[in-house]
Enquirer: 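First, the structure itself, so that you have it in front of you.
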Amino acid sequence: MKIATWNVNSLRARADRVEGWLLRSGVDVLAIQETKCRDENFPWELFERNGYEVAHFGLNQWNGVAIASRVGLEDVERTFPDQPVFGKGGIEAEQEARAIGATCNGVRVWSLYVPNGRALDDEHMPYKLEWLATLNKHASEWLAQDPKAQIALVGDWNIAPLDEDVWDIEMFRTEGFTHVSEPEREAFRAFERSGFTDAARAYTPGPGVYTYWDYKQLRFPKKEGMRIDFILASPALEARVVGAHIDREERKGKGASDHAPVVVELADGA
DNA sequence: ATGGTGGGTTGCCCA
């Protein structure tokens, strides 16, 4: 069984590429981020005609997450429990479409689009950290209730956990960029302390291995990317991992997303 | 030459 995650940066703009990749890659479960649409204009047929069930959560032109599966799709949940809301108490506070969960062939999959902190001193940074801390609190409870649970927390984490996960860590530090700050990395490590493992890392060692390249400044041809998309596996799921890859071919050419798909292959489940 | 791209409910906001 293969599980993948991909920030497609608009599913409608990318429909042909997503369909082509779905057929070529042979993934059984695809978690999608940044669909950038509401249910009314979600391309349901794209998945159905290729044998995938699909669940989507999209409220407006921003964010939007989905899970497509050809091995079952049960117990769909939109937003995780207590998911923080930006601007809580403010007049504009409203939930964002950043998390959807579903059980696919015994694996509890969460497609996650972690908030972008925007800047170290921006109000979105504490929102991002609280969002991650709340998710981790629940994820650790899910594992405490069932240590054998197969859970995959997958998506665009908007964090580069290691120095080698960006092309020039000194520049990031000097410029005070997000994604590499200690609070963000600590929020990521907290998931590892809860028992989750980056399932692709061992099969895709760095340095210079990335999942995202900015459209601006010719970052892809210059090989200046960031590793920010992850499949975090619970212990029982990690035990099934037999391979992984990042499909950087999908970042090439006209009409590519700025993110590449990350794929993990699992041995048959117990 | 100190920018540069690409989405969306586009002439701004978001990444």
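Residue numbers begin at 1 in each chain, while the letters A, B, ... track the order of the sequences.
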Enquirer: Answer with yes or no whether the hydrophobic clustering places A/V262 together with A/M226; edges join I, L, V, M, F, W, Y residues whose side-chain heavy atoms lie under 4.5 Å apart.
Expert: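 No; A/M226 is not reachable from A/V262 via cluster members.
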Enquirer: Rounded to whole angstrom, note down the P distance from B/dG6 over to B/dA1.
Expert: 25 Å
Enquirer: So A/R38, base contact, sugar-phosphate only, or nothing? Heavy-atom distance under 4.0 Å.
Expert: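 Base contact.
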Enquirer: Quantified in whole Å, what is the P atom distance between nucleotide B/dG4 and nucleotide B/dT9?
Expert: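 Looking at atom P only, B/dG4 and B/dT9 are 24 Å apart.
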Enquirer: Going by number, which of residues 221-228 of chain A have a non-hydrogen atom under 4.0 Å from DNA chain B?
Expert: none
Enquirer: If I take atom NZ in residue A/K254 and atom C1' in nucleotide B/dT5, what distance separates them, rounded to the nearest angstrom?
Expert: 12 Å
Enquirer: Base of B/dG8, side chain of A/Q61 - is there a donor-acceptor contact under 3.5 Å?
Expert: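 No.
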Enquirer: C1' atom, B/dT5 versus B/dT10: distance in rounded Å?
Expert: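 One C1' to the other, the span is 15 Å.
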Enquirer: Could you state the CD-C1' distance from A/E96 to B/dG8, rounded to the nearest angstrom?
Expert: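 Atom-to-atom, A/E96 to B/dG8, this comes out as 15 Å.
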Enquirer: Which atom pair, heavy atoms only, marks the closest approach of A/L237 to A/Q150?
Expert: CD1-OE1, 3.7 Å
Enquirer: Does the ring of A/Y113 carry A/R98 above it, NZ/CZ under 6.0 angstrom from centre and within 45° of its axis?
Expert: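 Yes, A/R98 and A/Y113 form such a contact.
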Enquirer: Tabulate protein N/O versus nucleotide N/O from nucleotides 11-15 of chain B, keeping only pairs under 3.5 Å, one per line.
Expert:
{"unit_1": "B/dA15", "atom_1": "OP2", "unit_2": "A/R118", "atom_2": "NE", "d": "2.8"}
{"unit_1": "B/dA15", "atom_1": "OP2", "unit_2": "A/R118", "atom_2": "NH2", "d": "3.4"}

Enquirer: Does a side-chain N or O of A/R251 approach OP1 or OP2 of B/dG6 to a distance below 4.0 Å, or not?
Expert: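 Checking A/R251 against B/dG6: no side-chain N or O falls below 4.0 Å of OP1 or OP2.
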Enquirer: Does CD belonging to A/Q95 count more than 12 external heavy atoms closer than 6.0 Å?
Expert: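 It does: A/Q95 CD has more than 12 such atoms within range.
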Enquirer: What residue among A/H56, A/R12, A/Q61, A/R14 forms side chain to side chain donor-acceptor pair (under 3.5 Å) with A/T35?
Expert: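 Testing each of A/H56, A/R12, A/Q61, A/R14 against A/T35, the sole residue satisfying side chain to side chain donor-acceptor pair (under 3.5 Å) is A/H56.
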Enquirer: Scan A/E192, A/E238, A/E164 and name whichever one has a salt bridge (charged side-chain N to carboxylate O under 4.0 Å, His left out) with A/R201.
Expert: A/E164
Enquirer: Which heavy atom in A/T178 sits nearest to a heavy atom in A/M125, and how many Å separate them?
Expert: CG2-CE, 3.6 Å
Enquirer: Just how far, in rounded Å, is P of B/dT5 from CZ of A/R14?
Expert: 15 Å
Enquirer: Write down the distance separating the P atoms in B/dG7 and B/dG3, rounded off to the nearest Å.
Expert: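 Comparing P positions in B/dG7 and B/dG3 gives a spacing of 23 Å.
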